[in-house]
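Structure, as structure tokens:
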Amino acid sequence: MQPINSDKAPAAVGPYSHGVRTGNLFYSSGQVPLTLEGEIVSDDVAEQARQVLDNIGAVLEAAGLGYSNIVKTTIFIADMNDFGVINEVYAKYFTGKLPARSCVEVSRLPLDAKVEIEVVASFE
């Protein structure tokens, strides 16, 4: 297992890596909408979704990957009523071959974020 961290993504808020490589797969930790300064970017769910996906992009880049390498995403949202807005933002980051995806509403996210996303990507 090879830990992957990026200085272009906010520091982990606990004892974990931004992601890990094992074999040909990369597993990210969940990303919340933190800026590099460690602050929630905004209360707006669309801005939060963009920040989360930008953070994921930074972590992927540190691993030598991009969005096109993602094979699975898991989206955690605090309010399923925000699904449509989050989906619109998400669609701007993924084109062509789309990854598999799950989306679930949860009772609460770290730092009271409205969205958190984790990914699995392939080095193949």
Side-chain angles (χ1 to χ4, degrees):
M1 180 177 86
Q2 174 189 356
I4 307 280
N5 290 291
S6 172
D7 58 4
K8 296 179 182 176
V13 294
Y16 59 87
S17 299
H18 284 139
V20 296
R21 177 181 184 165
T22 181
N24 287 328
L25 293 176
F26 171 80
Y27 296 88
S28 81
S29 294
Q31 290 294 309
V32 293
L34 292 179
T35 64
L36 283 175
E37 295 74 35
E39 302 292 328
I40 295 285
V41 68
S42 165
D43 193 46
D44 179 76
V45 71
E47 289 182 37
Q48 286 198 16
R50 278 190 288 278
Q51 185 67 52
V52 167
L53 288 160
D54 288 346
N55 291 348
I56 288 170
V59 174
L60 288 168
E61 181 182 326
L65 299 168
Y67 296 103
S68 64
N69 297 100
I70 295 173
V71 296
K72 172 73 168 73
T73 64
T74 305
I75 304 172
F76 305 94
I77 60 178
D79 184 347
M80 194 57 79
N81 291 317
D82 290 333
F83 176 80
V85 173
I86 293 167
N87 201 46
E88 283 180 34
V89 174
Y90 179 96
K92 294 176 183 174
Y93 287 77
F94 296 94
T95 59
K97 294 180 181 176
L98 301 174
R101 179 177 84 177
S102 302
C103 180
V104 296
E105 180 182 271
V106 296
S107 64
R108 192 167 181 203
L109 290 167
L111 305 172
D112 291 318
K114 294 182 177 185
V115 60
E116 178 177 357
I117 301 175
E118 64 184 26
V119 302
V120 177
S122 174
F123 285 91
E124 293 182 357

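In what follows, every heavy atom counts, from backbone to side chain, and hydrogens, waters and symmetry copies are set aside.
- By the rule that hydrophobic residues join a cluster once side-chain heavy atoms approach within less than 4.5 Å of another member, Phe76 and Val85 end up as members of separate clusters.
- Ile86 and Leu34 sit in two unconnected hydrophobic clusters of ILVMFWY residues. Membership requires side-chain heavy atoms under 4.5 Å apart, directly or through other members.
- Ion pair Asp43/Lys114 flagged as a salt bridge, since at least one NZ, NE, NH1 or NH2 atom sits closer than 4.0 Å to an Asp/Glu carboxylate oxygen.
- Taken to the nearest 0.5 Å, the CD1 atom of Ile75 stands 10.5 Å off from the CD atom of Glu118.
- Side-chain contact of Ser122 with Glu124: a donor-acceptor pair under 3.5 Å is absent, judged by distance alone.
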> What's the verdict on side-chain contact (heavy atoms from CB on, under 4.5 Å) for His18 and Ser6, showing C-alpha distance, side-chain angles and the deciding distance?
Replying inline: CA-CA 7 Å; His18 284 139; Ser6 172; 4.2 Å; yes

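- When the side chains of ILVMFWY residues are joined at heavy-atom separations under 4.5 Å, either directly or via intervening members, Val71 and Tyr27 end up in a single hydrophobic cluster.
- Counting heavy atoms from C-beta on, the side chains of Phe26 and Val20 never come closer than 4.5 Å.
- One distance of note links NZ of Lys97 with CG of Asn69; it measures 11.5 Å at 0.5 Å rounding.
- A salt bridge links Arg108 with Asp112; the closest basic N to acidic carboxylate O contact falls under 4.0 Å.
- Placement of Val119 and Phe123 within a single hydrophobic cluster is found when ILVMFWY residues are connected by side-chain heavy-atom separations under 4.5 Å, directly or transitively.
- The OH atom of Tyr93 sits 7.0 Å away from the CZ atom of Arg50 when rounded to the nearest 0.5 Å.
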>> One pair to check against side-chain contact (heavy atoms from CB on, under 4.5 Å): Val59 and Gln31. What are the steps and the verdict?
In response: CA-CA 9 Å; Val59 174; Gln31 290 294 309; 4.2 Å; yes

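- Stacking of Arg101 on the aromatic ring of Tyr90 is recorded, both the 6.0 Å distance cut-off and the 45° axial limit being met.
- Contact check for Pro10 versus Asn55: side-chain heavy atoms found under the 4.5 Å cut-off.
- The distance from the CD1 atom of Ile77 to the CD atom of Glu105 is 6.5 Å, given to the nearest 0.5 Å.
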> Is there a side-chain contact (heavy atoms from CB on, under 4.5 Å) between Asp82 and Val115 once you walk through the steps?
Replying inline: CA-CA 9 Å; Asp82 290 333; Val115 60; over 6 Å; no

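- At least one donor-acceptor pair under 3.5 Å links the side chain of Gln48 to the backbone N or O of Ser42.
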> Are Tyr67 and Leu60 close enough, and set up right, to give a side-chain contact (heavy atoms from CB on, under 4.5 Å), and what steps lead you there?
Replying inline: CA-CA 7 Å; Tyr67 296 103; Leu60 288 168; 4.2 Å; yes

